[in-house]
Amino acid sequence: MSNSAPSTPSPAPAGSPSRSMDAIMALCKRRGFVFQASDIYGGINGFWDYGPLGAQLKKNLRDAWWQDMILNPCWGRRGPGGQRVVNVPLETCIIQHPKVWEASGHVGGFNDPMVDCKETKGRYRYDHVMVFVPESGDPGDKPVFAYVGDQPTEAKQKKKAEKTFGAIKSVALSSLPQPWTRVIGPDAEKPGTLTEPRMFNLMFDTIPGAIRDEANKAYLRPETAQGVFLHFKNVVDSTRVKIPFGIGNTGRSFRNEVTPRNFTFRSREFEQAELEFFCHPDESRDWYVFWRDFRMDWWKAIGLAGENLILREHDKDELSHYSVGTSDVEYRFPFTAPGFGELEGIAHRGNYDLTQHQTHSKVKLDYFDTTRGETLPNGGKKGERYMPHCIEPAAGLDRGALALICEGYTVDPSRPSPEFLKLHPRVAPIKAAVFPLMDKDGMPEVADRLTDELFAKFGRYGFIESDAKQSIGKRYARMDEAGCPYCFTVDGDSLKDQTVTVRDRDTGQQQRLGIGQVSGFLGEKLGL
RNA sequence: GCGGGCGUAGCUCAGUGGUAGAGCAUCACGUUGCCAACGUGAGGGUCGAGGGUUCAAGUCCCUUCGCCCGCUCCA
């Protein structure tokens, strides 16, 4: 825990009533972190908007990612070979050529009606499933045998069907009336295990161009990663980067989730921050470990330092067929407790994506590495041509913002303002507040001058608030709830000795500080 | 997609067929000189939406939208 002061109880454990999602969602709405999209029309399932504080919180999170991944990668931490880590940014469109998603595998797997087998957990394209039935067409009370053409199941099921019926014929599953209580799935033993066909529209589609023509259908991207692979060659040719290096891409992605659930956690429109890091196949495992460890450290550094954060290595059977390894940075959200929910996946993608796009686009995407190969008489290298491997740390910014809010949300009944948000100063949307203790006797003027100074120095990083109304306790409480880390208060003594009090959000404790020291104090606390 | 719960002021909720309410919050004025203080006052509602029954609907019925929980799904 970040706070070790004995007077401060540790945050309520995940899943306890005092850290309930209801309370967190209520605070999010009350203080303007998150609103439901199209609220006044009754909302729209799976879409959430950010209010003033939430928009700034998420921007701070995005900026932190950009700073620590692109501008000063890994805080200067050296790569596995002792080299400086080099990453460059890219910003690609939400809509790309439809073939991109065929190459990536997103179209083939998810755009057709599928039937699932409850027994084997197999999934089949509805229009590919055929069934062996007796020549007469009427099986009586006997089961019929489903199969998928050109697959091992065909011969197996044909044999069984012939044994049962003798003369058989083949019909489409779609020609049989539902429910298919008598159909034995391709790999199943018992009849009646196939579900009704279901559409899995993972991707939203749209039709660019003035004239609606289904032939022009395009998709809203389900991930930002593919935009990077498409420009791998352009980046190499235009920036003098040498492998190993990474390309970062942030932006909105869209997935037509079957069940949007859990506040902003599973939204249909969401923002990703993804890095595709390209390296030689032989070094890919080391880089995978490097990125996995750094990304975990990064989330800790912006405030998820508690036991609610874990790094989970995927089991072998969870991995995609092309992946050497995948880890998730996972957070114990109130709605997943005692389990965890994914914040970021760090995947070793091998050379799958570049290879796929090379095949589909017929454009060479391999890399000529002039630092490898045998040494030539002139001292240079002969070079080596290879398809780079890729490590992909892919973070969800909305999930990150939600985790920051959940982690920061604290209830301490012993405080005058029990409910408060312990946001790390780097991501807190409000960086500081300035209050005149009373709205008279020269205090507002001093407060105004200090406010101006803080705006000039820190306004570019977040909000600087000032408030002269109502009791001081109420103003502190408001700032606590909004996650503002420090409040500076001008009182009667300020006029005499040029000092103010600074109040720490997490402890409620105050100390006196010269007005001239305030900027230095705040800059240090904000890590600037 | 299936099952269950919920939807009344910004928030938490009361209101079981008969004039829409309370507390907190917000705003103003006054008091108060460091922790959601006190006093006085103000603003804020087509009771999620649409339809129906009824002399009369927040309340009963139907439909629909949204949120929450469980299952399902999540190469």
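No hydrogens, no waters, no symmetry mates; every other heavy atom, side chains included, goes into these values. Reminder, nothing fancy here: chain letters follow the sequence lines and each chain counts from 1.
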Fill in the blank from the handout: With the side chain defined as heavy atoms from C-beta on, A/K474 is closest, among B/rC11, B/rU26, B/rC35, to B/rU26

Exercise for the section: Look at the side chain of A/M438 and decide which nucleotide, out of B/rA75, B/rG33, B/rC35, has an atom nearest to it. Expected result: B/rG33

Exercise for the section: Just call it for A/F435: base, sugar-phosphate, or nothing, with non-hydrogen atoms closer than 4.0 Å on any strand. Expected result: nothing

Problem - Centroid-centroid distance, A/F521 to A/Y486, less than 6.0 Å - result: yes

Practice task
Would you state whether a donor and an acceptor, one from the side chain of A/R503 and one from the base of B/rC35, lie under 3.5 Å apart?
Solution key: yes

Exercise for the section: Please work out if A/Q36 contacts a base, only the sugar-phosphate, or nothing of the nucleic acid, heavy-atom cut-off 4.0 Å. Expected result: sugar-phosphate

Practice task
Establish, with yes or no, whether the OP1 or OP2 oxygen of B/rC73 is under 4.0 angstrom from a side-chain nitrogen or oxygen of A/R266.
Solution key: no

Practice task
Go through A/F335 and A/F265 one step at a time and tell me if the ring-ring contact (aromatic ring centres under 6.0 Å, His included) criterion holds.
Solution key: CA-CA 10 Å; A/F335 49 80; A/F265 183 78; 5.5 Å; yes

Problem - Closest to the A/Q470 side chain, choosing from B/rC35, B/rC27, B/rG10 - result: B/rC27

Exercise for the section: Could you tell me whether A/R415 sits above the aromatic face of A/F420, with NZ or CZ closer than 6.0 angstrom to the six-membered ring centre and within 45 degrees of the axis? Expected result: yes

Practice task
Quote, to the nearest angstrom, the C1' distance that separates B/rC2 from B/rU72.
Solution key: 8 Å

Problem - Closest listed nucleotide, where the reference is the side chain of A/K29 and the choices are B/rA36, B/rG10, B/rG33 - result: B/rG10

Handout entry: Distance between P atoms of B/rU63 and B/rC69 (Å, rounded)
Key = 25 Å

Problem - P atoms of B/rG4 and B/rG43, separation to the nearest Å - result: 44 Å

Problem - Distance between C1' atoms of B/rG39 and B/rC55 (Å, rounded) - result: 47 Å

Exercise for the section: Using the closest heavy atom to pick a nucleotide of RNA chain B for each, name whichever of A/K440 or A/F335 lands nearer the 5' end. Expected result: A/K440

Completion exercise
Side-chain atoms of A/L437 come closest, of B/rC34, B/rC68, B/rU26, to B/rC34

Exercise for the section: Please work out if A/N262 contacts a base, only the sugar-phosphate, or nothing of the nucleic acid, heavy-atom cut-off 4.0 Å. Expected result: sugar-phosphate

Practice task
Using the C1' atoms only, state how far B/rC71 lies from B/rG48, rounded to an integer number of Å.
Solution key: 27 Å

Completion exercise
From the candidates B/rA75, B/rA36, B/rC34, the one with an atom nearest any side-chain atom of A/E481 is B/rA36

Problem - Euclidean distance for P, B/rA57 against B/rC47 (whole angstrom) - result: 12 Å

Exercise for the section: Quick one: label A/G32 by what it contacts on the DNA or RNA (base, sugar-phosphate, nothing), any heavy atom closer than 4.0 Å. Expected result: nothing

Handout entry: Comparing A/D439 and A/G473 on RNA chain B - which has the more 5′ nearest nucleotide
Key = A/D439

Handout entry: Closest nucleotide among B/rC29, B/rA36, B/rU26 to the A/P418 side chain
Key = B/rA36

Exercise for the section: Check whether any side-chain N or O of A/N45 sits under 4.0 Å from OP1 or OP2 of B/rC67, and answer yes or no. Expected result: yes

Handout entry: Validation row, ring centre A/F278 to ring centre A/F232 under 6.0 Å
Key = yes

Practice task
Rounded to whole angstrom, note down the P distance from B/rG58 over to B/rG18.
Solution key: 10 Å

Practice task
Run the ring-centre check on A/F333 versus A/Y331 and record whether the distance is less than 6.0 Å.
Solution key: yes

Problem - Residue A/Y476, side-chain atoms from C-beta onward, closest of B/rC35, B/rU12, B/rA28 - result: B/rC35

Handout entry: Side chains of A/Y476 and A/T489, donor plus acceptor under 3.5 Å
Key = yes

Practice task
Using a 4.0 Å heavy-atom cut-off across all strands, classify A/R475 as base, sugar-phosphate, or nothing.
Solution key: nothing

Completion exercise
Closest heavy-atom pair, A/E344 versus A/R295, reported as atoms and distance to 0.1 Å, is OE2-NE, 2.7 Å

Problem - Candidates B/rC35, B/rC27, B/rG33 - which lies nearest the side chain of A/M443 - result: B/rG33

Handout entry: Atom C1', compared across B/rA36 and B/rA25: separation rounded to whole Å
Key = 10 Å

